[in-house]
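Contents: one structure, followed by commentary.
So you know, we letter chains A, B, ... as the sequences are listed, proteins then strands, and number each from 1. Fair warning: this is a prediction, and the values are worked out from it, not measured in the lab.
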Amino acid sequence: MKLTRAFWQTYKETPSDAEIPSHQLMMRAGLIHKVGAGLYTYLPMGYRTIRKIEQIVREEMDRANCQELLMPMVTPGELWQESGRWDKMGALMLTFKDKGERDLCLSPTNEETVTDVFRKTIKSYKDLPVTLYQINTKFRDEIRPRFGLMRGREFTMKDAYSFHMDKPCLDQVYADLYRAYENCFRRMGLEFTVVEADGGAMASADSQTHEFQVVADSGEDQIIYCAETGYAANIEKARTKRADFKPLMTQAPMKEIATPDRKTIEDVCTYLKTEQAHSLKSLVYKAITGQVEKTVLVLLLGDDSLNEIKLSAYLKADHLAPLADHELTKAGFLKGFIGPHGLTQKDLVVIYDQAVAMDSAFVVGANKTDLHFENFIPNRDASYKDQADLRLAKEGDLTIEGSKKVSVRRGIEVGHIFQLGDKYTKALSVKILDKNGKQAVPLMGCYGIGITRVAAAAIEQNHDEKGIIWPASIAPYHVYFALIGKDPEILAFADKIYQELQEQKIEVVFDDRNVGPGFKFKDADLLGLPLQLVLGERDFKEDGMLEIRERKSGLVHKIKPEEASAKIKSLLASL
RNA sequence: CGGAGCGUAGCGCAGCUUGGUAGCGCAUCUGCUUUGGGAGCAGAGGGUCGUAGGUUCAAAUCCUAUCGCUCCGACCA
């Protein structure tokens, strides 16, 4: 590509609405253009990277015996009504009607669509297993799109779906796809961790699910990680043991104590000169299961946080949310002074976290304005004593089986694989004849990669103060060829080199623009192609040499013009 | 949806408090000079100040409504 013929504009200034490096750099380097909230045009330079990521994924999926197809982005509402997700998806799914008043939606995912084509095509166990995938646009009307391509509303996703007669077969294909995913991200040059994840609404209880997380400080997800045991899990899923809790053993009776206007754990404990772990945090949630709504009081050690996923799973709730201030008041709770003793609410569910030592003494809210209790001992003073694992894992916890410490990392979820079981095949009444001629419900797995998110994640992980540092496999081009000089002779010479590189199938951007050297170097660094080839009129007249710079290391190689393509090829192979 | 903030040229911003000719930097265009780290000089184009009402002789500025965008929370590839 010659830049004098290119649709490409870079920017010195960072757009004010871009918060994280990948978003800022993609905007500044002219890779994407914002069209609306969470909606982006992939500009020519950026789209090349998207296509390269797609291609790597495509090759690895094909190698894992998957077949590519393409499903429509608009799908009929009746499919979603059949699976029950028309209502469950809520506002995330953008729905509308066609001119015949039929319900339609922009597909946020495609379990229904793929299951439908499967059930109408496959009738025999002999045709299983089979795995279908597509690389397609998804639309999710995220409540809060942000961070550019990291969480767009419209985005490109590779989604794959496997079908099986039995669990061992599902396990086998799941393992194959797991390896295919590792290959994908390895080929893309990303540092990633595979973590145990929470299936959420997607999967049944005994099924496996893993997330592929690109390690990056700006990641939205937290990963609990233990280097010694190799344990890695999303914080939502992580099961750990609390460390360093010393119970407060006393026989002293529970007593009211004035805590005027101290409403937070921090304030109360500072005021009473108590460790936060020797107080109990009281949280009130509403949990909706089917038609039933329950109010739940959760008690945690003062310096622990609630894992809502765990609570939701424990309660088998369809929907879980903390009570808003006005709901608390309405339900008779005094915000800031809520506690487990002296409650008058009917049908209240009270649960203590497992880390709460029931014989230890705690400071708790007294359910009276400006009052707390001291020396509340659950086993002695509480009327409800149910316990469950509800706390959010944190830095310094121990692994569940005992002794090793875990730490917290941040990650960007670029891939997620699930064993769906029979959730969708059952919902959509899929029947396959097994070898006894009996009808059976097949099992499914599903496997997603956020293609456009991968591009953002790659930049999060590979950039410096000057710009992007693309891994070679997903860089828009491999070489940025900058001509420094304007003499017609040197221009003609540079053009010859450019032609030759092209003939050698080297992906090269030729900066033949009539701008200063600094301008070209800045653009080259910003765009971040792995190699920069520089033909400088001044130096070339002196020694007849060109330079190749490695973007990542800054290493410079002096070469003769005729060595250019060979050297570039060997450097690319070594990167 | 709850909380916070911002809408003025393609981008980054000033002007608004105290109403009175719409400005600066970058980018873009023209000419000359310049070519190893975002060049210099001279000139040029580009804005119904988000939108709609209202107050006023007069509104970017004050008031009301509305839309859009961004950030913090529950969602997710």
> Using a cut-off of 4.0 Å on non-hydrogen atoms, how would the nucleic acid contact of A:F155 be classed: base, sugar-phosphate, or nothing?
Replying inline: base
> With sugar-phosphate meaning primed atoms plus P, OP1 and OP2, does A:G536 contact a base, only sugar-phosphate, or nothing at under 4.0 Å between heavy atoms?
Replying inline: base
> Is the phosphate of B:U70, meaning OP1 or OP2, less than 4.0 Å from a side-chain N or O of A:K34?
Replying inline: yes
> How long is the line joining OH of A:Y40 and P of B:C69, in whole Å?
Replying inline: 11 Å
> Does the side chain of A:I56 come within less than 4.5 Å of A:S473's, by heavy atoms?
Replying inline: yes
> Within the modelled atom types, does a donor on one side and an acceptor on the other bring the side chain of A:E13 and the base of B:G25 under 3.5 Å apart?
Replying inline: yes
> With both distances kept under 3.5 Å, what pairs with B:G7, Watson-Crick or G-U wobble?
Replying inline: B:C67
> If you check the A:D539 side chain, which of B:A77, B:G36, B:C69 turns out closest?
Replying inline: B:G36
>> Taking B:C29 as the reference, what is the distance to B:G45 when you measure between their C1' atoms (whole Å, please)?
In response: 7 Å
>> Should the side chain of A:R153 and the base of B:C76 be counted as holding a donor-acceptor pair, with the cut-off at 3.5 Å?
In response: no
> Between A:D141 and A:R153, is a salt bridge (charged side-chain N to carboxylate O under 4.0 Å, His left out) present by the stated rule, with each step listed?
Replying inline: CA-CA 6 Å; A:D141 203 358; A:R153 290 197 291 174; 2.9 Å; yes
> Think A:R146 has a side-chain N or O under 4.0 angstrom from the OP1 or OP2 of B:G73?
Replying inline: yes
> Do the side-chain N or O atoms of A:S16 get closer than 4.0 angstrom to the phosphate oxygens (OP1, OP2) of B:C13?
Replying inline: yes
>> Is the distance from the ring center of A:Y178 to that of A:F212 below 6.0 Å?
In response: yes
